[in-house]
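Below is one structure, written out as structure tokens; comments come after it.
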Protein chains: 2
Amino acid sequence: MSHIKLLKTSDLKATPQRLCVLDTLENCGHATLEQIEKITKEKFPTLSLSTIYRNLNEMVEKDIISEVKIAKKPHYEIKKEKHIHLYCKSCDTIWDFQSDTNAFIDKIENEANCKILNDVIHFEILCTNCLK
Amino acid sequence: MSHIKLLKTSDLKATPQRLCVLDTLENCGHATLEQIEKITKEKFPTLSLSTIYRNLNEMVEKDIISEVKIAKKPHYEIKKEKHIHLYCKSCDTIWDFQSDTNAFIDKIENEANCKILNDVIHFEILCTNCLK
DNA sequence: CTAAATGCAAAGCATTTGCAAATAT
DNA sequence: ATATTTGCAAATGCTTTGCATTTAG
């Protein structure tokens with residue numbers, strides 16, 4: 001879905017500021033607030049920090065983006081298909097990875113005798129490039 | 001290992017303030033800074049907030065305790081055997097759970113062609129009690 | 001045209017720091 | 001005896017908020 005539609009569907013106006021933040025996340029995959037501020041201000045020097053804060057919070061609430069508690073500081077990403085995160089400690093990159101977690105989740109549900117609603121699965125890794 | 005030994009092994013003096021924080025974590029399992037402040041000050045009214053901050057940071061650095069990025073605010077726990085976290089959204093309790101994750105980790109390593117160094121596995125759940 | 005969003009400045013919290021006094025070893 | 005730790009107060013830094021102005025729809 002286009003970013004414009006994404007915003008409108010959530011009753012948010014498609015302002016240039018919001019589109020700039022979403023473009024940044026689209027390009028980066030994941031970014032911290034500081035990274036978002038730096039990158040967006042290159043293209044949009046008048047964009048204020050409080051607007052970034054407000055928009056990130058609003059878009060998290062509206063479920064357009066999500067906050068990923070990984071690495072040193074929280075990172076933001078546009079919501080997409082379910083995936084796990086691989087964080088390479090060597091090159092400091094966060095990789096999205098899709099894998100079937102159903103068997104593992106079932107195993108935990110059975111062992112712990114609980115109902116799993118949601119999962120957060122992060123691995124600290126050395127990525128393919130860094131292993132060479 | 002006793003808390004006193006734990007601290008001394010890490011070149012930290014076994015002050016009553018540190019022991020009080022460790023006792024609190026031992027009793028609670030997991031606690032936020034606010035919870036630690038509240039509980040420790042009951043037993044130790046003169047304990048200052050900056051001491052709590054300093055000690056939590058130092059003990060995380062020395063690997064005596066760890067910060068768990070789960071629920072609304074980070075929680076602290078005394079380091080122990082590897083485990084995953086189950087967070088019951090209904091009763092707001094964090095449960096430690098031990099399960100064999102090797103097969104799952106191997107699967108990811110193979111699929112993603114990477115070396116996994118560490119993992120963070122949290123599930124949001126409804127626990128046995130809350131399911132009744 | 002109007003409600004929503006923005007930018008700026010100020011306010012509000014959370015966390016850290018400097019330092020003199022106290023304390024563990 | 002001494003280096004470490006503590007408590008306090010001040011400083012810092014991050015995040016939110018109030019409000020006049022602008023803007024998307």
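Letters A, B, ... mirror the listed sequences (proteins, then strands); counts begin at 1.
- Using a 4.0 Å heavy-atom criterion, one finds that B:Ser50 contacts the bases of the nucleic acid, with or without backbone contacts as well.
- The backbone N or O of A:Leu126 lies less than 3.5 Å from no partner atom in the side chain of A:Ser90, so there is not a single donor-acceptor pair.
- For the pair B:Leu33 and B:Ile4, both in contact range of DNA chain C, the more 5′-proximal nearest nucleotide belongs to B:Leu33.
- Summarising the geometry, the separation between CG on A:Leu47 and P on C:dA5 is reported as 14 Å, rounded to the nearest angstrom.
- One can place CD of A:Glu37 at 14 Å from P of D:dG13, the figure rounded to the nearest angstrom.
- Listed nucleotides D:dT6, C:dT25, C:dT16 differ in distance to B:Asn57; the shortest reach to its side chain belongs to C:dT16.
- In this structure, CG of B:Leu7 is placed 15 Å from C1' of C:dT23, rounded to the nearest angstrom.
- For B:Leu49, the listed nucleotide lying nearest its side chain is C:dT15; candidates were D:dG7, D:dA24, C:dT15.
- One can place NZ of B:Lys73 at 14 Å from C1' of D:dC14, the figure rounded to the nearest angstrom.
- A salt bridge is absent between A:Lys38 and A:Glu34: the closest approach of a Lys/Arg side-chain nitrogen to an acidic carboxylate oxygen does not fall below 4.0 angstrom.
- The nucleotide whose nearest atom lies closest to any side-chain atom of B:Thr15 is, among C:dT6, D:dT5, C:dA5, D:dT5.
- B:Lys69 NZ: more than 12 foreign heavy atoms inside a 6.0 Å radius.
- Looking at the side chain of A:Arg18, the nearest of the listed nucleotides D:dT16, C:dA5, D:dC8 is C:dA5.
- In this structure, CG of B:Asp11 is placed 12 Å from C1' of C:dT25, rounded to the nearest angstrom.
- For B:Phe44, counting side-chain heavy atoms from C-beta on, the closest listed nucleotide (C:dT15, D:dG7, C:dT25) is D:dG7.
- Contacts of B:Pro16 with the nucleic acid, taken as non-hydrogen atoms under 4.0 Å apart, involve only primed sugar atoms and P, OP1 or OP2.
- Using a 4.5 Å heavy-atom cutoff, the side chains of B:Ile39 and B:Cys28 are in contact.
- Closest approach to the A:Lys13 side chain among C:dA4, C:dT6, D:dT6 is made by C:dA4 (side chain taken as heavy atoms from C-beta onward).
- One atom, CD1 of A:Ile52, and another, P of D:dC14, lie 14 Å apart when rounded to the nearest Å.
- Salt bridge annotation for A:Glu111-A:Lys107: present, with a cationic side-chain nitrogen under 4.0 angstrom from a carboxylate oxygen.
- Atom P of nucleotide C:dC8 and atom NZ of A:Lys41 are separated by 9 Å, given to the nearest angstrom.
- The phosphate of C:dT6 (OP1 or OP2) has no side-chain N or O of A:Ser48 nearer than 4.0 angstrom.
- Taking atom CG of residue A:Leu19 and atom P of nucleotide C:dA5, one finds them 13 Å apart after rounding to whole Å.
- Checking C:dT6, D:dC8, C:dA24 against every side-chain atom of B:Arg54, the shortest atom distance belongs to D:dC8.
- Checking the phosphate oxygens (OP1, OP2) of D:dA24, no side-chain nitrogen or oxygen of A:Gln17 falls inside 4.0 Å.
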